[in-house]
Amino acid sequence: MKAATLKEGSERSCVLTRAVKAPDDLIRFVAGPDGTLVPDLRRKLPGRGVWASLSRKAVTEAIRRKAFERSLKTKVAVPADLPEMIDALMLRDVQQALSMANKAGLVVAGFGKVEALVETGRCLAVIAASDGAEDGKRKIGQAIRRAEAARENEGLKARRLPVVAIFTAADLELALGRAHVIHAALAPGPAAEGVLSRWRRLVRYRTDDTAASDQNEPEDTTEPAGPNAE
């Protein structure tokens, strides 16, 4: 069976609300070989797909209403922990992207290096361990605000620097292959953009389809009918 493909600009509808959205605003699901519903985050698995909004709440409600079974028109086993499974898969996806960005030389780690990159104005995003000390979070926030003030003083367009705070220190150590990582930062580059893209999807999922930019501010780094299948 051929893998699923999507045409540019194609749209699908949410299995729960029937709202028509772009694939990037949805999560695809297929029935696996054993009849179990499987989240297809990369949208590449073979078989007839059904879609749910990029929202933990939407997925949970779709399970409760048995919307996946009705849309697939076949008997399918839906894991009770599907919302948690999706969260874990998306978190791992961000972690793997961070590892790739690190291999591409686009990640610096350590408070001093992070602060220096932020002050250059070339920092794409700051990464702060969710279990890091409050004092460190405060100092990183201060560095970000200084950089933002410097841009304003130079007459440059204001830019909010994203703070990624979904990882524990252990997660960061694993992704970056080094010990005692509490603060890191992304330099501009395609691999770094990939990290942010995946992070934003996870934040949207966790915050019920809201924009990632509304989350993880420097001051708080804790963290209708339409086509439906293919």
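Nothing here was measured: the structure is a model prediction, and the numbers come from that model.
- Placement of Met85 and Val50 within a single hydrophobic cluster is found when ILVMFWY residues are connected by side-chain heavy-atom separations under 4.5 Å, directly or transitively.
- Checked by atom type and distance alone, the side chain of Thr60 pairs as donor or acceptor with a backbone atom of Arg56 at under 3.5 Å.
- For the pair Tyr205 and Pro83, the tightest heavy-atom approach, listed with the atom from each and the gap, is OH-O, 2.8 Å.
- The two residues Leu98 and Ala175 come nearest to each other via the heavy atoms CD2-CB, 4.0 Å.
- One hydrophobic cluster, built from ILVMFWY side chains closer than 4.5 Å, holds both Leu91 and Leu172.
- Side-chain contact between Val164 and Leu196 is present, with at least one heavy-atom pair separated by less than 4.5 Å.
- Looking at Ser71, its side chain never comes within 3.5 Å of a backbone N or O of Ala67 through a donor-acceptor pair.
- In this structure, Glu173 contributes its side chain and Ala179 its backbone to no donor-acceptor pair below 3.5 Å.
- Asn102 and Ser99 form no side-chain donor-acceptor contact under 3.5 Å, judged by distance and modelled atom types alone.
- Under a 3.5 Å cut-off, the side chain of Arg204 and the backbone N or O of Asp25 do not form any donor-acceptor pair.
- Side chains of Phe167 and Val181 form no contact here, defined as non-hydrogen atoms less than 4.5 Å apart.
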Apply side chain to side chain contact (heavy atoms under 4.5 Å, CB included) to the pair Arg48 and Leu72, showing each step before the final yes or no.
CA-CA 8 Å; Arg48 183 175 184 272; Leu72 283 169; 3.8 Å; yes

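- Between the Arg201 side chain and the Asp24 main chain, a donor and an acceptor come within less than 3.5 Å of each other.
- Environment of CZ in Arg122: sparse, with no more than 12 heavy atoms of neighbouring residues, nucleotides or ligands closer than 6.0 Å.
- When all heavy atoms of Leu176 and Ala109 are compared, the pair lying nearest together is CD1-CB, 4.5 Å.
- Between the side chain of Arg198 and the backbone N or O of Gln96 there is no donor-acceptor pair closer than 3.5 Å.
- Residues Asp171 and Leu174 are not in side-chain contact: their nearest non-hydrogen atoms beyond the backbone lie 4.5 Å or more apart.
- In terms of hydrophobic clustering, with Ile, Leu, Val, Met, Phe, Trp and Tyr side chains grouped at heavy-atom distances under 4.5 Å, Met100 and Trp199 are assigned to different clusters.
- Contact between Val163 and Ala128 at its shortest, heavy atoms only, is CG1-CB, 4.4 Å.
- Smallest separation of non-hydrogen atoms from Arg200 and Pro162: NH2-CG, 4.2 Å.
- Side-chain contact between Leu186 and Val107 is present, with at least one heavy-atom pair separated by less than 4.5 Å.
- For the pair Glu61 and Arg64, the salt-bridge criterion is met [side-chain N within less than 4.0 Å of a carboxylate O].
- No donor-acceptor distance shorter than 3.5 angstrom exists from the side chain of Lys75 to the backbone of Glu69, with no hydrogens or angles considered.
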Side chain to side chain contact (heavy atoms under 4.5 Å, CB included) assessment of Val195 paired with Val94:
CA-CA 6 Å; Val195 176; Val94 185; 4.3 Å; yes

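- With sequence neighbours excluded, the residues satisfying salt bridge (Lys or Arg N to Asp or Glu O under 4.0 Å) with Lys139 are Asp135.
- Across all non-hydrogen atoms, the minimal contact from Ala191 to Leu106 is CB-CD1, 3.9 Å.
- Residue Arg146 places its CZ atom among more than 12 non-hydrogen atoms of other residues, nucleotides or ligands, all under 6.0 Å distant.
- Under the 4.5 Å side-chain heavy-atom criterion for Ile, Leu, Val, Met, Phe, Trp and Tyr, Val114 and Leu161 are members of the same hydrophobic cluster.
- A donor-acceptor pair is defined here as one N or O able to donate and one able to accept, closer than 3.5 Å; no such pair exists between the side chain of Asp87 and the backbone of Arg206.
- Under the 3.5 Å distance criterion, the side-chain polar atoms of Ser53 are left unmatched by any main-chain donor or acceptor of Ser55.
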Could you walk me through whether Leu82 and Phe68 pass the side chain to side chain contact (heavy atoms under 4.5 Å, CB included) test, one step at a time?
CA-CA 12 Å; Leu82 184 61; Phe68 292 113; 4.3 Å; yes

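- Between the side chain of Asp93 and the backbone N or O of Met90, no donor-acceptor pair lies under 3.5 Å.
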